[in-house]
2 protein chains.
Amino acid sequence: MSVDRDQVLRSAAALLTRKSTSTMDEVARAAGISRATLHRHFAGRDALVRALEELGLQECEAALDRAGLGEGSAQDALRRLVKQLEPAAGLLAFLYTENQLFEGEAQNEGWSRIDARLAALFRRGQESGEFRFDLTPAWLTEALYGLIGSGAWAVQDGRVAAKDVSYMISELLIGGARRRVES
Amino acid sequence: MSVDRDQVLRSAAALLTRKSTSTMDEVARAAGISRATLHRHFAGRDALVRALEELGLQECEAALDRAGLGEGSAQDALRRLVKQLEPAAGLLAFLYTENQLFEGEAQNEGWSRIDARLAALFRRGQESGEFRFDLTPAWLTEALYGLIGSGAWAVQDGRVAAKDVSYMISELLIGGARRRVES
DNA sequence: CCCTTATGAGACATTTGCGTCTCAAAGAGC
DNA sequence: GCTCTTTGAGACGCAAATGTCTCATAAGGG
């Protein structure tokens, strides 16, 4: 009988990814519960979004862990990372655009941690000679988010095949970051 | 006395780029006019967004024209394009995310034209041997939009210097699209 | 089998933004 | 100076979404 909070969050994420302006009622319907029950579990829309942010953070952290960013070449680590991030791509795309609205407010410290880990990966690639120095880790991090979002949307609209998207993202990002041996 | 429609549109674009959920009242204030006057010029929020889309389209077309996509190498053409697109980056970022909400509705044919021109550029690069074939023109087009958006936001939040952003975008995209001569 | 608890349905007030309208004031053109 | 047009300020009703509440009911545990 008891509602599965995690399942609610996931269906909310799926819906909001497709339509970021969905109402609480739509979110409730999508989760197969009533609006009242949704409100009992998440005090309000803000709370829901914050819970989704928390979920996104967890999935990101988990993906970073699974990817083993410290092992092997930075390129391969990046490839593994994109692959691991793929299931959360829709949610990340939602959060990435949503976060643009919080301009003033301080950024959630969780994201800072993720950013730092990503930046560290890119810096490692630079120091190992794999990646070029003129594209800053901060930019590459930002670009990773953007490309994941673009990928998620492109798949949603059928412009890119779902099975290809992680390859397309990895290759573009790695190719762009890579030092060129010849001119 | 008469309101400058174009100036209103531009300040609206600037505001909505920063906060895509701004109200009509905020838009009016930002333009230095009253909400009533704003309503006299744009029947409603939808009309305003459509006008912004029109403006974005025009700026895009103009940038594509200025860039001379047919001349020289595809790489250089792409570099010129990104540079020309830069002033419209914020507006494009807004429209790009906004368009995600119109999932069902048919895409504005203007964007299809732009997409086609961009895809043609990438295809030209492939056929000239500059760009790799395994990244589809459709994906590269999508990635261009995504990176422009990411760039605009990164600049807004101070994560990337404004003077560098067009270089960062070009280099990442070109580097990623480029065929590698060696492994 | 009873009792506790969570749920669904719906009513309700509140908020918020939208769109329309009116009226007075300011400006532009003649 | 007069008139026509446009603007600003604000009031007003409307619609949508939110958040709260009640009540009946279904589920589950002891």
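Just so it is clear, the structure is predicted and the values come from calculations on it, not from any experiment. Within every chain, numbering begins at 1; the chains are lettered A, B, ... in the order of the sequence lines, protein sequences first and strands thereafter.
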Inter- and intrachain pairs under ring pair (Phe, Tyr, Trp, His ring centres under 6.0 Å), touching residues 22-64 of chain B, at least two apart: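 Matches after skipping sequence neighbours: none remain.
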Which residues pass the side chain to side chain contact (heavy atoms under 4.5 Å, CB included) test with [X], sequence neighbours left out?
X        : value
A:Glu171 : A:Arg79, A:Tyr167, B:Arg132, B:Leu135, B:Arg180
A:Ser73  : A:Gln75, A:Asp76, A:Glu130
A:Glu59  : A:Arg10, A:Leu55, A:Ala88

What's the angle between the local helix axes at either end of the helix from C:dC1-D:dG30 to C:dC30-D:dG1, using five pairs per end and rounding to 10 degrees?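 The angle, to the nearest 10 degrees, is 30°.
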Distance check needed: [N] [atom2] versus [X] [atom1], whole Å only.
X       : N      : atom1 : atom2 : result
A:Asp46 : D:dA17 : CG    : P     : 16 Å
A:Lys19 : D:dA17 : NZ    : C1'   : 12 Å
A:Asp25 : D:dG19 : CG    : P     : 13 Å
A:Leu38 : C:dA9  : CG    : P     : 14 Å
A:Phe42 : D:dT18 : CZ    : P     : 15 Å
A:Arg45 : D:dG19 : CZ    : P     : 9 Å
B:Leu48 : C:dC18 : CG    : C1'   : 13 Å

The side chain of [X] is closest to which nucleotide in this list: [options]?
X       : options               : value
B:Met24 : C:dG19, C:dT7, D:dG19 : C:dG19
A:His39 : D:dA9, C:dC18, D:dT18 : D:dT18
B:Ala36 : D:dG8, C:dT7, D:dG19  : D:dG8

Between A:Arg159 and A:Ala154 (side chain of the first, backbone of the second, donor and acceptor by atom type, cut-off under 3.5 Å), is there such a pair?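 Here the side-chain-to-backbone pair does not exist.
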Any side-chain heavy-atom pair from B:Arg117 and B:Glu61 closer than 4.5 angstrom?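 Yes, close enough: below the 4.5 Å cut-off.
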Please lay out, stage by stage, how B:Ser34 and B:Thr37 fare under the test side chain to side chain contact (heavy atoms under 4.5 Å, CB included). CA-CA 5 Å; B:Ser34 73; B:Thr37 303; 3.1 Å; yes
Between A:Phe131 and A:Phe122, how do the two ring planes meet: parallel, tilted or perpendicular, split at 30° and 60°?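 Plane angle between 30° and 60°, so tilted.
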Does a side-chain N or O from A:His41 land closer than 4.0 Å to OP1 or OP2 of C:dT7, or not?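 Looking at the OP1 and OP2 atoms of C:dT7, one of them is under 4.0 Å from a side-chain N or O of A:His41.
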May I ask you to verify whether the side chain of A:Arg40 and the base of C:dG8 hold a donor-acceptor pair under 3.5 Å?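 Indeed there is one.
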Which of these, A:Leu16, A:Leu15, A:Asn99, sits in a side-chain contact (heavy atoms from CB on, under 4.5 Å) with A:Phe94?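 Output: one option passes, namely A:Leu16.
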Using a 4.0 Å cut-off on heavy atoms, which residues in residues 28-35 of chain B reach DNA chain C? List them by number, or say none.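 Contacts with DNA chain C under 4.0 Å: B:Arg35.
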